[in-house]
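Scroll down for the structure; my scribbles are underneath it.
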Amino acid sequence: MPVGIDDLAIYVPKLYIDYKDFAEARGIDPQKLEYGIGIKKMALADANQDPACMAANACMRVMKKNDLNPQDIGRIYVATESALDESKAMNSFVIGMLEQVYGEDSLEHAGGIECKFACVSGSYALYDNANWIRAGENGDKSAIVIVSDIAKYDIGSAGEYTQGAGAVALLIKNNPRLLAFDEKVASTIIKNEYDFYRPFGKETPLVNGVYSNLLYLIQVRKALEAYKEKAIKQGYIKLKEGESITDHIDYINVHLPYRKMGEKALAYLLRHEWRHLPRWKDITTHLKLDEPIPKDPRGTIESLLADTEFMKADEKFRKEFMKTTYYREVFDKKMSSSLEASAIIGNLYTASMYMGLRSLVEFEFGKGFDLYNKRVGFGSYGSGCSAMVFSGVFQEGYKEIASKMNLDKEIGTRTKISINNYEKLHSNTKKFDEAFLSAENEFILVSIGGITADRAGFREYCYAS
Ligand code: HMG
């Protein structure tokens with residue numbers, strides 16, 4: 001029996017920063033943000049919101065949408081890199097919030113953990129929960145995997161225009177309506193790296209931006225290599241002479257720290273996959289450019305970055321390649337719809353790729369394409385670092401889900417915030433009762449730490465109706 005994603009729900013905070021205001025405040029050309037990064041609006045958590053209440057809001061939405069009772073759910077996992085406590089897991093806060101609505105102890109049977117590995121942990125959580133169901137450990141219950149994060153960078157840093165906030169809750173079950181995972185193909189790569197990390201006690205990450213971009217590409221490519229071998233062995237894909245695996249994957253959905261990263265990842269993967277095929281000759285002839293070769297044939301990330309001549313020539317080649325119809329056709333057909341949400345929400349860390357899936361389904365369906373039986377390949381990446389490549393096939397029931405999707409409606413009426421007010425939120429000087437928006441039908445944070453010392457660190461939430 002196939003296992004996969006039956007349905008999903010999102011929660012995105014309604015406050016946002018407009019890219020033009022941001023560009024003006026930081027003295028950046030707005031075109032760089034709109035086209036170089038691919039951002040127009042960055043979602044921002046209000047003073048009374050945190051990743052746990054966003055996770056609970058997304059979870060309740062997926063439960064309500066599907067008329068699920070607590071008894072229908074056997075596991076709730078939360079994948080996040082915005083942990084609130086060194087010991088207490090975020091799913092325990094989520095359970096506490098949901099039980100305010102569904103009744104005391106109503107979810108006591110729904111075990112789970114908080115998962116951490118930067119942006120990739122949601123994919124590991126999905127894989128583990130799918131296997132829990134495949135193993136028959138679930139009885140007749142479903143699992144919910146929630147990915148929830150606030151991407152927050154230092155003011156004035158290059159990461160500041162890749163912020164965002166939001167959560168996605170994924171309902172995992174047998175015979176899913178939306179997408180069934182391909183079995184025995186998920187492939188992972190892992191390496192001890194310091195491209196992006198957040199030491200204990202630090203609210204914002206330490207980032208080596210250029211290094212992180214290249215590492216993301218290399219690691220996802222390596223995971224794709226491993227995936228390719230398994231997908232061929234399992235018989236999902238049969239490669240004929242001159243074909244590439246990318247010819248057999250209908251949609252490509254990758255981790256999106258910002259929209260442009262998706263476009264660049266596609267270019268990198270296509271170059272790698274096509275380089276040895278007859279079509280590459282046509283492409284380089286058309287470009288009147290040879291693909292640059294690094295001085296050090298080992299091609300390690302350090303040797304590549306040190307080879308400035310190669311890096312410059314390679315960037316030029318990549319940009320020219322991205323203008324060709326060879327690239328554009330694949331981009332338009334296989335990736336473009338998955339990037340729509342990223343441009344108006346921003347980075348969601350763990351949730352980014354799953355918001356990308358949400359975006360793919362809504363916008364591709366909206367364009368009139370039938371997704372049934374189409375295969376989507378996922379390229380998940382988490383700094384530190386690990387990549388996971390896996391795939392799934394859209395099921396017949398997807399139409400029921402896709403036809404009801406409406407990103408604008410699901411986010412709700414949004415409020416643009418001034419850069420001055422954004423900076424107040426960023427510096428955490430606003431108290432919970434000084435939120436910019438009044439909450440309605442959602443969980444909010446009402447206090448941290450009681451009046452007595454024995455309640456230090458207690459987080460209290462309520463459902464604002
Ligand atoms: P930057 O300094 O803005 O980079 O940093 P840039 O100067 O190279 O500019 C970016 C693009 O804007 C370039 O285009 C420029 O040409 C273009 P590209 O060469 O890429 O095609 N540009 C313009 N375009 C139009 N008009 C203009 C103009 N000027 C320039 N006037 C960087 C960008 C992403 C490095 C930075 O924002 C950063 O450090 N972000 C945080 C780290 C990050 O997102 N890394 C991504 C890979 S790692 C990852 O995804 C994991 C992560 O999600 C964390 C996790 O796993 O938990 C981050």
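Counting convention: from 1, in listed order, for ligands and their atoms alike.
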Do the two ring centres, one from Y127 and one from Y124, sit under 6.0 Å apart? no
For [X], atoms of ligand 1 separated by under 4.0 Å from a heavy atom:
{"X": "E315", "value": "19 (O)"}
{"X": "Y161", "value": "1 (P), 2 (O), 3 (O), 37 (O)"}
{"X": "T162", "value": "37 (O), 40 (N), 41 (C)"}
{"X": "N213", "value": "45 (N), 46 (C), 47 (C)"}
{"X": "E81", "value": "55 (C), 57 (O)"}
{"X": "G382", "value": "56 (O)"}

Strictly below 4.0 Å, N to O, side chains only: are [X] and [Y] in salt-bridge contact?
{"X": "E114", "Y": "K88", "value": "no"}
{"X": "R198", "Y": "E81", "value": "no"}
{"X": "K416", "Y": "D21", "value": "yes"}

Can you tell which of [options] gets a heavy atom nearest to [atom]?
{"atom": "atom 50 (O) of ligand 1", "options": "S352, S121, P257, A118", "answer": "P257"}
{"atom": "atom 19 (O) of ligand 1", "options": "E263, M353, K319", "answer": "K319"}
{"atom": "atom 14 (O) of ligand 1", "options": "K260, M261, R198", "answer": "K260"}
{"atom": "atom 48 (S) of ligand 1", "options": "A267, S212, P30", "answer": "S212"}

Look at [atom] and say which protein heavy atom is nearest, naming residue and atom and giving the distance to 0.1 Å.
{"atom": "atom 20 (O) of ligand 1", "value": "K264 NZ, 2.6 Å"}
{"atom": "atom 37 (O) of ligand 1", "value": "A158 O, 2.6 Å"}
{"atom": "atom 51 (C) of ligand 1", "value": "S383 OG, 3.2 Å"}
{"atom": "atom 42 (C) of ligand 1", "value": "V207 CG1, 3.6 Å"}
{"atom": "atom 31 (N) of ligand 1", "value": "D29 OD2, 2.9 Å"}
{"atom": "atom 58 (C) of ligand 1", "value": "Y153 OH, 3.5 Å"}
{"atom": "atom 17 (C) of ligand 1", "value": "G36 CA, 3.6 Å"}
{"atom": "atom 6 (P) of ligand 1", "value": "K32 NZ, 3.8 Å"}

Hydrogens and angles aside, do [X] and [Y] bring a side-chain donor and acceptor to less than 3.5 Å of each other?
{"X": "Y258", "Y": "Q163", "value": "no"}
{"X": "K367", "Y": "S337", "value": "yes"}
{"X": "E160", "Y": "H426", "value": "no"}
{"X": "R328", "Y": "Y326", "value": "no"}

Looking only at N/O atoms, are [X] and ligand 1 under 3.5 Å apart anywhere?
{"X": "G209", "result": "no"}
{"X": "Y216", "result": "no"}
{"X": "H255", "result": "yes"}
{"X": "Y349", "result": "no"}
{"X": "C119", "result": "yes"}
{"X": "Y35", "result": "no"}

Any pair counted as salt bridge (Lys or Arg N to Asp or Glu O under 4.0 Å), so long as it reaches residues 244-259, sequence neighbours left out: D247-R279, R259-E263
I'd like to know whether [atom1] of [X] has more than 12 heavy-atom contacts from other residues, nucleotides or ligands below 6.0 angstrom.
{"X": "K374", "atom1": "NZ", "result": "yes"}
{"X": "L206", "atom1": "CG", "result": "yes"}
{"X": "E229", "atom1": "CD", "result": "no"}

Protein heavy-atom contact under 4.0 Å for atom 8 (O) of ligand 1? no
Kindly indicate whether atom 11 (C) of ligand 1 is approached by any protein heavy atom to under 4.0 angstrom. yes
May I have the step-by-step check of side chain to side chain donor-acceptor pair (under 3.5 Å) for Q49 and N57, ending in yes or no? CA-CA 11 Å; Q49 294 182 308; N57 286 323; over 6 Å; no
For Y77, is the NZ or CZ atom of R75 found under 6.0 angstrom from the centre of its six-membered ring and inside 45 degrees of the ring axis? no
Under the 6.0 Å and 45° cation-pi test, does K41 pair with Y16? yes
With heavy atoms and a 4.0 Å threshold, my read on which part of N347 contacts ligand 1 is side chain
Ligand 1 versus R318, non-hydrogen atoms closer than 4.0 Å: side chain, backbone, both, neither? side chain
Matching residue for F196 among Y216, Y349, Y381 - test: ring pair (Phe, Tyr, Trp, His ring centres under 6.0 Å): Y349
